[in-house]
Trainee: 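Got a structure here, written out as structure tokens. Questions coming.
Letters A, B, ... mirror the listed sequences (proteins, then strands); counts begin at 1.
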Amino acid sequence: GTKQGNIMSFFKKV
Amino acid sequence: ILELRLVQATLFKNVLEAISDLFSKANFDFSGTGLELQAMDTSHVALVALLLRAEAFNHYLCDRDLSMGLNLADMAKAFRCANNDDIITIKAEEDWSDTVTFTFESPEDGEISIFDFDFVGTNGVPLEIPEFPESEYQAKVRMPSAKFMRICKKLSSFGDSGDRDTVVIISVDKECVNFFTRGKTGTSTIVCRQTQTVDKPKEPTLIEMKEQVSLAFDLRYMNSFSKGSTLSDQVTISLSSNLPAVFEYKIAETGYIRYYMLPRIEE
């Protein structure tokens, strides 16, 4: 199977 | 005070159509530069970032930065009532009011529709989006946005439409980009070669490859991104196994819409 990470981990909170 | 005017509703209508089915709420940041919009889907797989510079508007007055969360489904409904050539005015007063007013005025019959939208929370956006180094992308594909939309439609019609989890594999190898999906009883592959720019200089398909790359994505997301075709003639897809993929549509000289999406990875 496949899974997906969380895109937030690539960006910083402003 | 914020006061913006667009003499043709089309641009804003297209923006909303391009984002409202996948993203339910967005953060709208108005500043002297222009409008920056960001939204994230509920599964946190995709992020959309839009820039419309002040020059994109016929009138742009924003004397203080203003950030507001808005419900996109409600906005899309309102904008579906607007005609393409309606004049749009966007107005917000000082801090004490937490609503923004969109006015549509028909130049022909003078009819005016007024919509006030309350601000909503946006769950996680805005985020700081860095310019990722070019060297991190193994491949970049540029093609006509209508062609990309056609490819997404073909893949969707082959994959079982009831299955929300249809996966598309995009792979780039030399001067070819392949889109592969699996249906119930078979597979479908669409191969796009780099086109000679001499024949159709306005609609080239260009492939820049540093290394072979093959990544799996949710087709329904990609299908939704392809609606960006109303905003631009070309789409650029940047692929990396270490970063979110970027599907970028440049909006004339006045901005862009960029969709970021994480690939699926083997468990």
Trainee: At a 4.5 Å cut-off on heavy atoms, which part of B:Ala46 comes close to chain A: side chain, backbone, both, or neither?
Mentor: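 Only the backbone of B:Ala46 comes within 4.5 Å of chain A.
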
Trainee: Please classify the contact of B:Met40 with chain A as side chain, backbone, both or neither, using a heavy-atom distance under 4.5 Å.
Mentor: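 Only the side chain of B:Met40 comes within 4.5 Å of chain A.
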
Trainee: Determine, using ring centers only, whether A:Phe10 and B:Tyr260 are less than 6.0 Å apart.
Mentor: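 Between B:Tyr260 and A:Phe10, the centre distance exceeds or equals 6.0 Å.
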
Trainee: Does any heavy atom of chain A fall under 4.5 Å from the side chain of B:Asn242, the backbone, both, or neither of them?
Mentor: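 Interface part for B:Asn242: backbone (N, CA, C, O).
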
Trainee: How long is the span from the NE2 atom in B:His44 to the CG atom in A:Asn6, to the nearest 0.5 Å?
Mentor: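 B:His44 atom NE2 to A:Asn6 atom CG measures 6.0 Å (nearest 0.5 Å).
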
Trainee: Could you measure the distance from the CG atom of B:Leu47 to the CD1 atom of A:Ile7? Nearest 0.5 Å is fine.
Mentor: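 The CG atom of B:Leu47 sits 5.5 Å away from the CD1 atom of A:Ile7.
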
Trainee: To the nearest 0.5 Å, how far apart are OH in B:Tyr221 and CD in A:Gln4?
Mentor: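 The distance works out to 6.5 Å.
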
Trainee: Checking B:Val167 against chain A: side chain, backbone, both or neither under 4.5 Å from a heavy atom?
Mentor: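 Neither; nothing under 4.5 Å.
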
Trainee: Taking atom NZ of A:Lys12 as the centre, does the number of heavy atoms from other residues, nucleotides or ligands within less than 6.0 Å exceed 12?
Mentor: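 Open.
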
Trainee: Identify the heavy atoms of B:Leu127 and A:Met8 that sit nearest to each other, and give their distance.
Mentor: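 Heavy-atom minimum between the residues: CD1-CG, 4.1 Å.
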
Trainee: Are more than 12 heavy atoms, taken from residues, nucleotides or ligands other than B:Lys210, located less than 6.0 Å from that residue's NZ atom?
Mentor: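 Check passes, neighbour count above 12.
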
